[in-house]
Amino acid sequence: MTGRWTVASEKEMINLAHAFYSSVRPGNVITLNGNLGVGKTFFVKAFCKAAGVPASSSPTFAIVNSYLGEYRIYHFDFYRIKNSLELHDIGIEEYLADPEAVSFIEWADLFPDVLPKRRINIIIEETGQNSREVTIEEL
């Protein structure tokens, strides 16, 4: 699922995340980029709900959270990472290579050197107080 959408409410963001869910398969790595507070974590939480995960949370302080729904979901947050060595220490390569899981990475642009070349990139930009422009592209 690639394209550009304007969402004007939380409900529309949830609907977009649920539509995106239907196009994602285990083995996919999804990067999320955008300014603080634009809805990256909100999008992942909505996706997780669609995948049958009853509750999810931001991994800002844990680096990675793991959820089990229809399949395993790894949710990374690079915001507080100081260098890519920290990511290598937790075994990021193994996480991202897991063919039975979907991996989400918030703030992925901070450490592009650890990202696989093949991935789905989501950019969320604030266009108004409650509106966002969401771009989904396959790299």
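Side-chain contact of Thr127 with Arg132: a donor-acceptor pair under 3.5 Å is absent, judged by distance alone.
Among all heavy-atom pairs drawn from Trp107 and Phe78, the shortest one is O-CB, 3.5 Å. The minimum heavy-atom distance between Phe47 and Ile73, with the atom names listed, is CE2-CD1, 4.0 Å. Heavy atoms only, all atoms of each residue included: Glu138 and Met1 are closest at OE2-N, 4.0 Å. In plain terms, the two heavy atoms of Val44 and Glu106 that are nearest each other are CG2-OE2, 4.5 Å.
Listed for the Lys40 side chain is a donor-acceptor partner under 3.5 Å among the backbone atoms of Gly34. The main-chain N or O of Ala46 is found under 3.5 Å from a side-chain atom of His18 such that the two form a donor-acceptor pair. Formation of a donor-acceptor pair under 3.5 Å by the Lys117 side chain with backbone atoms of Leu139 is not found in this model. Judged by distance alone, with hydrogens and angles left aside, the side-chain atoms of Asn33 form a donor-acceptor pair with the main-chain N or O of Asp109 at under 3.5 Å.
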Let me have the donor-acceptor pairs involving side chains of residues 81-88, under 3.5 Å, with sequence neighbours excluded, atom names and distances please.
residue : atom : partner : partner atom : Å
Asn83   : OD1  : Leu85   : N            : 2.9
Asn83   : OD1  : Glu86   : N            : 3.4
Ser84   : OG   : Asp113  : OD2          : 3.3
Glu86   : OE2  : Lys82   : N            : 2.8
His88   : ND1  : Glu93   : OE2          : 2.2

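In the hydrophobic cluster analysis, where Ile, Leu, Val, Met, Phe, Trp and Tyr join through side-chain heavy atoms closer than 4.5 angstrom, Ile90 is grouped together with Val29.
Listed by chain and residue number, Tyr74, Phe76 satisfy the ring pair (Phe, Tyr, Trp, His ring centres under 6.0 Å) test with Tyr95 (two or more places apart in sequence, or in another chain).
The environment of Asp89 atom CG is dense: over 12 non-hydrogen atoms of other residues, nucleotides or ligands sit within 6.0 angstrom.
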